[in-house]
Trainee: 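Sharing a structure below in structure tokens format, with a few things to ask.
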Amino acid sequence: MRWTLAALFGSALVANQALAELTFTVEATKNGVPIPQSEIKLEPFEFGRTRMGGSSPTPAHRRIRRANPTANSNNWCGSVNKTPSTNQIKVIHGTFQHPTCTKRAGVTTYPQAAANWVGIDGDSWSTLLQAGTVCKIDNSTGIVKNEAWWQWVPSAAYTITTMPVAPDDWFEITIETTSTTAAEITLSNLSQGQTYTMNIASGPALARVDADWVVERPYYGLSLASFPTFTDVWFDEAWATRASGSLGILGAKQYQIPGLCASQEWDDQHEVSWSL
Ligand SMILES: *[C@@H]1O[C@H](CO)[C@@H](O)[C@H](O)[C@H]1NC(C)=O
Ligand SMILES: *[C@@H]1O[C@H](CO)[C@@H](O)[C@H](O)[C@H]1NC(C)=O
């Protein structure tokens with residue numbers, strides 16, 4: 001199934017059956033001043049939705065699933081820290097600078113894309129709530145599109161088309177869950193004072209057991225994008241709160257994409273993913 005890429009406007013409560021029944025509201029501010037709803041625009045796109053096997057999509061295509069902490073993946077590069085289901089994640093947080101992306105030498109397939117995000121689940125649990133930025137090179141011109149986006153997998157992804165993103169911009173992501181199916185995503189460009197807040201009332205249930213800080217080689221529809229070359233992505237202030245106690249990056253599983261990307265924990269709140 002292909003989603004209809006109709007533009008959606010944040011002013012309305014968005015409820016589109018075709019988009020896996022996600023309902024959410026959006027508010028935005030610039031330097032603390034509300035941005036009029038008429039100037040807020042989100043556009044759904046097909047992102048990270050891979051082969052629709054059977055009646056429900058399987059998350060296994062998002063990365064290579066392994067039984068042990070061997071940290072190789074075909075599309076995730078970064079930290080995943082796990083908490084037991086008896087002590088669920090409540091909030092996840094991270095800041096990073098949007099990287100400068102360039103065509104990968106010797107690679108002539110497009111798009112080339114790298115998505116930088118903070119999220120909950122998707123590793124040991126199938127649903128995934130994530131928000132971040134992406135750089136995308138559509139063709140050999142090497143022109144880079146930089147965008148902010150969020151997704152509650154397996155529902156559709158949304159580009160926040162009215163939020164400009166530039167290399168080196170600092171972004172802060174906070175995802176606060178109020179239940180397994182309700183959350184508030186706050187995405188800010190710290191440098192320019194733009195903040196977008198999405199309130200989602202009825203997402204696909206999370207387990208809230210994986211805390212993720214990841215640079216992803218994304219799928220667009222059925223196709224795994226090529227991976228561009230990008231400047232180092234440092235996740236700073238990377239922490240999560242749980243029902244009891246916090247969770248950082250210390251000891252987190254480090255996913256690597258062999259030959260393309262590696263990552264390393266720096267200390268409890270810092271991780272770097274770099275292009276190979
Ligand atoms: C190449 O990609 C850029 C950015 O998406 C786009 O503006 C341009 O039209 C594309 N050019 C061709 C020849 O497809
Ligand atoms: C973010 O801040 C930078 C300044 O570092 C600015 O150039 C850029 O336009 C801002 N982007 C957004 C999305 O506000």
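Note that ligands are numbered from 1 as they come in the structure, with each ligand's atoms numbered from 1 the same way. Along the sequence shown, residues carry numbers from 1.
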Trainee: Can you list every side chain to side chain donor-acceptor pair (under 3.5 Å) pair that touches residues 104-114, not counting sequence neighbours?
Mentor: Arg104-Ser275, Thr109-Ser226
Trainee: For atom 11 (N) of ligand 1, which of the options Val144, Ile143, Asn139, Asp138 provides the nearest non-hydrogen atom?
Mentor: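 Considering heavy atoms of Val144, Ile143, Asn139, Asp138, the nearest to atom 11 (N) of ligand 1 sits in Asn139.
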Trainee: Above 12 or not: heavy atoms from other molecules or residues under 6.0 Å from CD of Glu184?
Mentor: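 More than 12 within 6.0 Å, yes.
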Trainee: So which bit of Lys145 gets within less than 4.0 Å of ligand 1, heavy atoms only: side chain, backbone, both or neither?
Mentor: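 Side chain only.
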Trainee: Where does the angle between the aromatic ring planes of Trp239 and His93 fall among parallel (under 30°), tilted (30 to 60°) and perpendicular (over 60°)?
Mentor: parallel
Trainee: Can you confirm whether some protein heavy atom lies under 4.0 Å from atom 7 (O) of ligand 1, or whether none does?
Mentor: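 Given the 4.0 Å cut-off, atom 7 (O) of ligand 1 does not count as touching protein heavy atoms.
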Trainee: Can the ring centroids of Trp266 and Trp234 be said to lie less than 6.0 angstrom from one another?
Mentor: yes
